Number of protein chains: 2
Amino acid sequence: MTFTDQARAARRASLDLQMLTRAQKDQALQAMADSLAAAESEVLAANTVDVDAARASGTSDAIIDRLSLDPARLSGMVEGLRDLALLGDPVGDVVRGWKLDNGVSVTQVRVPFGVVGIIYEARPNVTADAAGICLKSGNAALLRGSSSALNTNRATVTALRRGLESVGLSPDAVHLVEGGREVTGEMMAARGLVDVLIPRGGAGLIQAVVDGAKVPVIETGTGNCHLFVDASADLDMAVAIMINAKAQRCSVCNALETVLVHRDTAADFWAKALPALAEAGVTVHGDDATRARDASIVAAAPDEFDAEYLSMDLAAKEVGSLAEALEHIREHTTGHSETIVTRDQTSARTFVAQVDAAAVLVNASSRFVDGGEFGFGAEIGISTQKLHARGPMGLQEMTSTKYVVEGDGQIRA
Amino acid sequence: MTFTDQARAARRASLDLQMLTRAQKDQALQAMADSLAAAESEVLAANTVDVDAARASGTSDAIIDRLSLDPARLSGMVEGLRDLALLGDPVGDVVRGWKLDNGVSVTQVRVPFGVVGIIYEARPNVTADAAGICLKSGNAALLRGSSSALNTNRATVTALRRGLESVGLSPDAVHLVEGGREVTGEMMAARGLVDVLIPRGGAGLIQAVVDGAKVPVIETGTGNCHLFVDASADLDMAVAIMINAKAQRCSVCNALETVLVHRDTAADFWAKALPALAEAGVTVHGDDATRARDASIVAAAPDEFDAEYLSMDLAAKEVGSLAEALEHIREHTTGHSETIVTRDQTSARTFVAQVDAAAVLVNASSRFVDGGEFGFGAEIGISTQKLHARGPMGLQEMTSTKYVVEGDGQIRA
């Protein structure tokens, strides 16, 4: 099947998907979960082929780890589908409604997008997650995974489609998009066939999709996240939040990358912070003023303030004021999650008002900026753009709306 | 000033705009209105230059009419700015909020986009309208008007900026973007400098922006709008709605372009409809089955079912069922506004559920699908895409959101 054939089949399937009740969708999710569980040996065998090939071509251990499935991870994918069945269905929700003066009623209701394209990297769990989230939100899914996970993704999608068929639904609600790079190009150009594209992966992948797509894109998140330790900060709190945001899981987009420390509190802060950072295994890369605080702090090259480390490294800079911190954030933010630790109400309000990001945090760890932590139950990614959805995207963010206008023959004067 | 300089200046101005209170913005709108009213003679003189040049180059009367200002139209622009001051301010509105189990509070609040680019055609009233809507929603505006209206737009923007300065605000909240076609290209590529692009104009302009832009675009509306007269329709109602939707103002995007008539009611419908259409001055272009109903119906070429007439012409087709009408709409819709006239509840529910459009109407004229009619007070356009905003866009649709996350030192377990 060519990509266009798949997209057309997905479009036809989406017409039925938009009409499904929640009960029908939940039954389908359970059937997809059952079918994936039953296909465990095929999926794991296919994954072994992918992992062996990746290893033979000298792929790094970190990427091999992301690519690898085992019974526990596969079971996580199965449970993920079952968990989606427990979540409410956003389709049909009334966003708002009112009557015009002439009695015409206007109701804005949530509807599926139609066909959603997901372009992602090596993690094979995304295949089941994304298929499930699309199904629950009434959308057909075109899944464009990494070629390194091709065998795993094929076995997974085959199982998911079999699950759909087992409850009488069209398997064309879920497609794995195969083929060379030119197929990604076709997918990005498929305006009218694909309603929305969501890239999930590293900064390079996301940039390529944003630059190349004619289909509307929801940009998901690189996070160059900052923490500003205000002059009035509770320093124990600041250290605890910093360690949690940096070290609880350093490879994710809501992890901390740079700490900005108010000069008036810097000496006391670093006295508390450095032992804790050392214990957590974090290396601090400081500007000159920060380095002058302690010999253990290595030098930060200027471009280290612009990139995500995604490792146990932390950039640090001393600032003379909240305004200077805001200016630094304005210049270096990727618009994901920015935090202030402060006891001062004016500082908190100013920071919240002036920082332009998907999430602005006061006295809490940026690791909370996550669909699971927010209570969305499922997350397709964290949007760092301003159109449609900003921040963690759950099922609701996978819908559009439609105005239903009902009258008794009213015409415009 | 180059485009990039203007965009940077707008970005700086947007930092202050996002902090303005409603009272400050309303004062600015009144000052812009006062300044534009005071500049009447300059603006009208500049408009005469543009209109004379357009006439000399053989521009059509319809476009000359759109380009032309007179004291009444200018006064309409001034009053439009004053009316914006009466509308509520969406910035700061809480969309939703909740507490996490650990006591962290999450609040989703409306914030301005930042810098909005508007690319539009000859109507000079858009200049004041768009500047005002952007200002009220806290956004800086980069206005890219038509070269044929350059003198009018310059005089208008000069007046608006003078108004901003008169109340102590930066004039850089509003810019007219000048220069050749390459500047439109720069504007469409300005990711990071421009947050959203909104094209306003004909299908060609919108398509060019959608195809060329790397900045997120809100696509506004061409409307190939359909009316389905169901077998059970009240025929007097159907005729009244058809005449209103087609002829009340035929040049706009929510005007009717095609009527689909159920075979079982076609003879009776046309017997009532044709005299009314003739009286309204509408020419019917029918398929073979429709033409067989009356000799006055001219032949519709197949491509007439795909385009907007935007004139006193109406395509007509006979269908054997609701399903056939839905299939025709699916193939030909531009996703703007689609209407059914029916007495049958199942037909109404099926039509509402299955038609994929910004607005779906039951027994009411599609001319109601409009920001003014919906009660939004102001409208920047009607979105026919599914991301962010779908249907009439008022002030609320000119905002993004931000999550404010507040705690007492909570960290993630």
Side-chain angles (χ1 to χ4, degrees), chain A residues 15 18-19 98 100 104 106 108 111 113-114 191 195-196 210-211 214 216-218 234 237 240-241 243-245 248 330 341 348 352-354 356-365 367-369 373-375 385-388 390-392 400-412, chain B residues 15 18-19 98 100 104 106 108 111 113-114 191 195-196 210-211 214 216-218 234 237 240-241 243-245 248 330 341 348 352-354 356-365 367-369 373-375 385-388 390-392 400-412:
Chain A
L15 300 176
Q18 70 177 345
M19 305 293 291
W98 63 95
L100 307 187
V104 166
V106 178
Q108 187 180 24
V111 295
F113 283 127
R191 237 188 134 83
D195 292 296
V196 185
V210 163
D211 283 349
K214 298 213 181 301
V217 173
I218 299 180
D234 174 327
M237 185 191 289
I241 287 175
I243 298 287
N244 184 254
Q248 196 249 355
R330 197 169 293 138
V341 177
V352 163
Q354 297 202 11
D356 188 18
V360 186
L361 299 103
V362 181
N363 297 341
S365 167
R367 294 279 294 117
F368 289 122
V369 181
E373 295 293 316
F374 271 19
Q385 66 172 28
K386 296 181 186 173
L387 270 194
H388 185 72
R390 198 176 189 202
S400 182
T401 60
K402 176 199 273 188
Y403 283 107
V404 179
V405 181
E406 292 172 288
D408 320 286
Q410 284 88 340
I411 60 174
R412 185 160 161 187
Chain B
L15 300 175
Q18 70 178 346
M19 305 293 291
W98 63 95
L100 307 187
V104 166
V106 178
Q108 187 180 24
V111 296
F113 284 126
R191 239 188 131 84
D195 292 296
V196 186
V210 162
D211 284 348
K214 297 211 183 302
V217 173
I218 299 180
D234 175 326
M237 185 192 289
I241 287 175
I243 297 287
N244 185 254
Q248 196 248 357
R330 197 170 292 139
V341 176
V352 163
Q354 297 202 11
D356 189 18
V360 186
L361 299 104
V362 181
N363 297 342
S365 168
R367 294 279 295 117
F368 289 122
V369 182
E373 295 294 316
F374 270 21
Q385 65 171 29
K386 295 181 186 174
L387 270 193
H388 186 70
R390 197 177 191 204
S400 182
T401 61
K402 176 198 273 188
Y403 283 107
V404 179
V405 181
E406 292 172 288
D408 320 286
Q410 284 88 339
I411 61 174
R412 185 161 162 185

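Just the heavy atoms: all of them, side chains too, but no hydrogens, waters or symmetry mates, feed the values below. As the structure is a computational prediction, the values presented were derived from the model and not from experiment.
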**Q.** Whether R367(B) side chain and R412(A) backbone form a donor-acceptor pair below 3.5 Å
**A.**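 Not a single qualifying donor-acceptor pair exists.
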(Q) Counting heavy-atom pairs under 4.5 Å with chain A, which one of D408(B), V405(B), L15(B), V369(B) comes out on top? (A)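 With the most close heavy-atom pairs to chain A, the winner is V405(B).
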(Q) Please give me the minimum heavy-atom distance between V217(B) and L387(A), naming the atom from each residue. (A)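 That closest heavy-atom pairing would be O-CD1, 4.0 Å.
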(Q) Could you report the tightest heavy-atom contact between K402(A) and R390(B), atom names first, then the distance? (A)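 So the minimum-distance heavy-atom pair works out to CB-NH1, 4.1 Å.
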Are the side chains of [Y] and [X] in contact, using a 4.5 Å heavy-atom criterion?
X       : Y       : answer
V196(A) : K386(B) : no
E373(A) : V104(B) : no
K214(B) : D211(A) : yes
I411(A) : I241(B) : yes

(Q) Within this structure, what is the CZ-CD distance for the pair R191(B) and Q385(A), rounded to the nearest 0.5 Å? (A)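 One gets 7.0 Å once the value is rounded to the nearest 0.5 Å.
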Non-hydrogen atoms of chain A under 4.5 Å away: do they reach the side chain of [X], the backbone, both or neither?
X       : answer
A245(B) : neither
A358(B) : backbone
Q248(B) : side chain
N244(B) : side chain
V111(B) : side chain

Heavy-atom proximity to chain B below 4.5 Å, by part of [X]:
X       : value
A348(A) : neither
Q18(A)  : side chain
L100(A) : side chain

**Q.** Under the side chain to side chain contact (heavy atoms under 4.5 Å, CB included) test, residues paired with Q108(B) that sit two or more places apart
**A.**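 Side chain to side chain contact (heavy atoms under 4.5 Å, CB included) check on Q108(B) returns V95(B), R96(B), T401(B), Y403(B).
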**Q.** side chain to side chain contact (heavy atoms under 4.5 Å, CB included) against E406(A), all qualifying residues, sequence neighbours excluded
**A.**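 E406(A) satisfies side chain to side chain contact (heavy atoms under 4.5 Å, CB included) with S105(A), V404(A), V362(B) once adjacent residues are dropped.
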